[in-house]
Novice: 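So that we are looking at the same thing, I have put the structure below in structure tokens.
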2 protein chains.
Amino acid sequence: MERLLLRIDREIIAAGGKRSKSRAAVMERFFRAGDHVTVDELTRAVRKTFPRVGTVTVYRTLKLLARMGYANEVDFGEGARRYESNLDSHHDHLVCTACGTVIEFKDPDIEKLQDLVTRRHGFRPTAHRLEIFGLCRKCADRSAGRRQG
Amino acid sequence: MERLLLRIDREIIAAGGKRSKSRAAVMERFFRAGDHVTVDELTRAVRKTFPRVGTVTVYRTLKLLARMGYANEVDFGEGARRYESNLDSHHDHLVCTACGTVIEFKDPDIEKLQDLVTRRHGFRPTAHRLEIFGLCRKCADRSAGRRQG
DNA sequence: CCAGAAATTGAAATTCACTTTCATGTTATC
DNA sequence: GATAACATGAAAGTGAATTTCAATTTCTGG
Ligand SMILES: [Mn+2]
Ligand SMILES: [Mn+2]
Ligand SMILES: [Zn+2]
Ligand SMILES: [Zn+2]
């Protein structure tokens, strides 16, 4: 983690950038924070320790991390996009429309079938996203309980 | 098609609405148009025959059709959402990032595997979307050709 | 330590898709 | 055709995201 931040910093400098406290604070919080965070959420979190950090810097830092491959933009159709760290391998999402919980999953079989589909259409895939919306276990149980009294 | 429009009109009236020329024009164009159309695109198309139709009416009509189940909102992350008619059964999309072509596909095996995933997590699915981004056959060929001279 | 050059910051302005408002026009009903 | 309800569209309003720009910070190297 400390390692990661150093590595990213070095990469930024190698590309002609300079270090900065605000950006460092944003990055640290981002990689510590639970994933799938909005710019607004992250800004509030960062400001607990660095109250003067502007929203713009959070926008810029997350865009930068995404460009460098350390973060992913995701969009669950809520109106604001979310970011997740891109340190571990690809996964897809179950999104609870009641409580907002996001469950990550990997399914190699689905991925294989996706490859077949694209091949069948002469399509050369570069990225994909699979999102399943519905009720997480907790919310499903709750609504079932309510239904039965 | 004429049938469809009549049916929708009847449904609107049954719900306390009234007929309207603008809305009729939008609906007709929408169901004739190729799918995956933006509000802006559809507005321009409608205005070829009804120049006075406002963007707002297109927004409202598409929202209405979506609420009534005759249209779907889709979002390929371009900044503006798209609409498609919802007359035939569910499908997913291959989206060419070079030319914008959208290929629709159905894969029951993938859907089955999705069901397994959700079951494994005690998740009750209500909707999902699977989008694969990349190059369509044409664009893939073109870029391959360029690479080889 | 001290310029000076270049990158970074954040407040404010801007953009853009989309929604809301509201005065006016249309449609249905009696 | 009078009346009430609905639909329309121009204009104003929202809200997320981006751009602008003057001020600040970081780095270099004398
Ligand atoms: Mn994730
Ligand atoms: Mn489609
Ligand atoms: Zn839930
Ligand atoms: Zn293409």
Side-chain angles (χ1 to χ4, degrees), chain A residues 5-6 8-30 36-47 49-68 71-83, chain B residues 5-6 8-30 36-47 49-68 71-83:
Chain A
L5 296 181
L6 281 175
I8 295 178
D9 253 13
R10 243 179 274 130
E11 206 170 315
I12 290 177
I13 288 161
K18 295 181 178 175
R19 260 171 270 269
S20 114
K21 314 226 164 178
S22 294
R23 192 170 55 204
V26 173
M27 293 199 300
E28 155 139 23
R29 267 292 186 182
F30 173 64
H36 317 117
V37 81
T38 65
V39 167
D40 208 59
E41 287 166 2
L42 187 57
T43 303
R44 269 199 288 276
V46 173
R47 281 184 177 159
T49 36
F50 292 77
R52 316 197 48 70
V53 170
T55 324
V56 196
T57 297
V58 181
Y59 271 106
R60 283 195 275 235
T61 302
L62 290 177
K63 262 261 139 68
L64 178 64
L65 288 175
R67 242 182 294 134
M68 300 189 351
N72 275 330
E73 297 187 353
V74 296
D75 183 352
F76 300 145
E78 306 159 297
R81 49 172 177 257
R82 292 180 177 276
Y83 286 85
Chain B
L5 295 180
L6 282 174
I8 296 178
D9 252 15
R10 245 179 271 128
E11 207 169 314
I12 290 176
I13 287 161
K18 295 182 176 175
R19 260 171 271 269
S20 114
K21 315 226 164 177
S22 295
R23 190 170 55 205
V26 174
M27 293 199 301
E28 154 139 24
R29 268 290 186 182
F30 173 65
H36 316 118
V37 82
T38 65
V39 167
D40 207 59
E41 288 166 2
L42 187 56
T43 303
R44 270 198 288 275
V46 172
R47 281 184 176 159
T49 36
F50 292 78
R52 315 197 49 70
V53 170
T55 323
V56 198
T57 298
V58 181
Y59 271 106
R60 282 195 277 236
T61 303
L62 290 177
K63 262 259 139 67
L64 178 65
L65 288 176
R67 242 182 293 134
M68 299 188 355
N72 275 329
E73 298 186 355
V74 296
D75 182 352
F76 299 145
E78 306 159 296
R81 50 173 177 257
R82 293 180 176 276
Y83 285 86

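Just so it is clear: chains get the letters A, B, ... in the order the sequence lines come, proteins before strands, and each one is counted from 1. The structure presented is a predicted model; accordingly, all values stated were derived computationally and were not measured.
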Novice: Apply side chain to side chain contact (heavy atoms under 4.5 Å, CB included) to the pair A:Ile8 and A:Met27, showing each step before the final yes or no.
Specialist: CA-CA 9 Å; A:Ile8 295 178; A:Met27 293 199 300; 3.8 Å; yes
Novice: How close do B:Tyr83 and B:Leu62 get, heavy atom to heavy atom, and via which atoms?
Specialist: CD1-CD1, 3.5 Å
Novice: Could you check how far CZ of A:Arg67 sits from P of D:dT18, rounded to whole Å?
Specialist: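 Between P of D:dT18 and CZ of A:Arg67: 10 Å.
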Novice: Atom OH of A:Tyr59 and atom P of D:dT20: how far apart are they, to the nearest Å?
Specialist: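 Spelled out: OH on A:Tyr59 to P on D:dT20 is 17 Å.
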Novice: Taking atom C1' of C:dT8 as reference, at what distance in whole Å does atom CZ of A:Phe50 sit?
Specialist: 15 Å
Novice: Roughly how far, to the nearest 0.5 Å, is the CD atom of B:Glu11 from the CE atom of B:Met68?
Specialist: 4.5 Å
Novice: Nearest whole angstrom, please: distance from the C1' of C:dT8 to the CG of A:Leu64.
Specialist: 12 Å
Novice: Which residues pass the side chain to side chain contact (heavy atoms under 4.5 Å, CB included) test with B:Ala45, sequence neighbours left out?
Specialist: B:Arg29
Novice: Which pair of non-hydrogen atoms, one from A:Val53 and one from A:Thr43, has the smallest distance, and what is that distance?
Specialist: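 The answer is O-CG2, 4.5 Å.
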Novice: Taking protein heavy atoms under 4.0 Å as touching, what does nucleotides 4-14 of chain D look like 5' to 3' if B marks base contact, S marks sugar-phosphate-only contact and - marks none?
Specialist: BBSSBBB----
Novice: In whole angstrom, what separates A:Arg81's CZ from D:dA17's C1'?
Specialist: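 Whole-Å distance recorded here is 6 Å.
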Novice: Once the angle between the rings of A:Phe76 and A:His36 is folded into 0 to 90°, is it parallel (under 30°), tilted (30 to 60°) or perpendicular (over 60°)?
Specialist: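 It falls in the tilted class, 30° to 60°.
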Novice: I would like to know whether A:Arg19 and A:Asp9 meet side chain to side chain contact (heavy atoms under 4.5 Å, CB included); could you show each step before the answer?
Specialist: CA-CA 7 Å; A:Arg19 260 171 270 269; A:Asp9 253 13; 3.3 Å; yes
Novice: Provide, to the nearest angstrom, the distance between the CG atom belonging to B:Asp40 and the C1' atom belonging to C:dA17.
Specialist: 10 Å
Novice: So which protein N/O to nucleotides 28-30 of chain D N/O distances come out below 3.5 Å?
Specialist:
none

Novice: Atom NZ of A:Lys63 and atom P of C:dT8: how far apart are they, to the nearest Å?
Specialist: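 The distance from NZ of A:Lys63 to P of C:dT8 comes to 17 Å, rounded to the nearest Å.
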Novice: Any non-hydrogen side-chain atom of B:Glu41 less than 4.5 Å from a side-chain atom of B:Arg82?
Specialist: yes
Novice: Output the distance between atom CZ (A:Arg23) and atom NZ (A:Lys18), rounded to the nearest 0.5 Å.
Specialist: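 One gets 11.0 Å once the value is rounded to the nearest 0.5 Å.
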Novice: Separation of A:Tyr83 atom OH from D:dA17 atom P, in whole Å?
Specialist: 7 Å
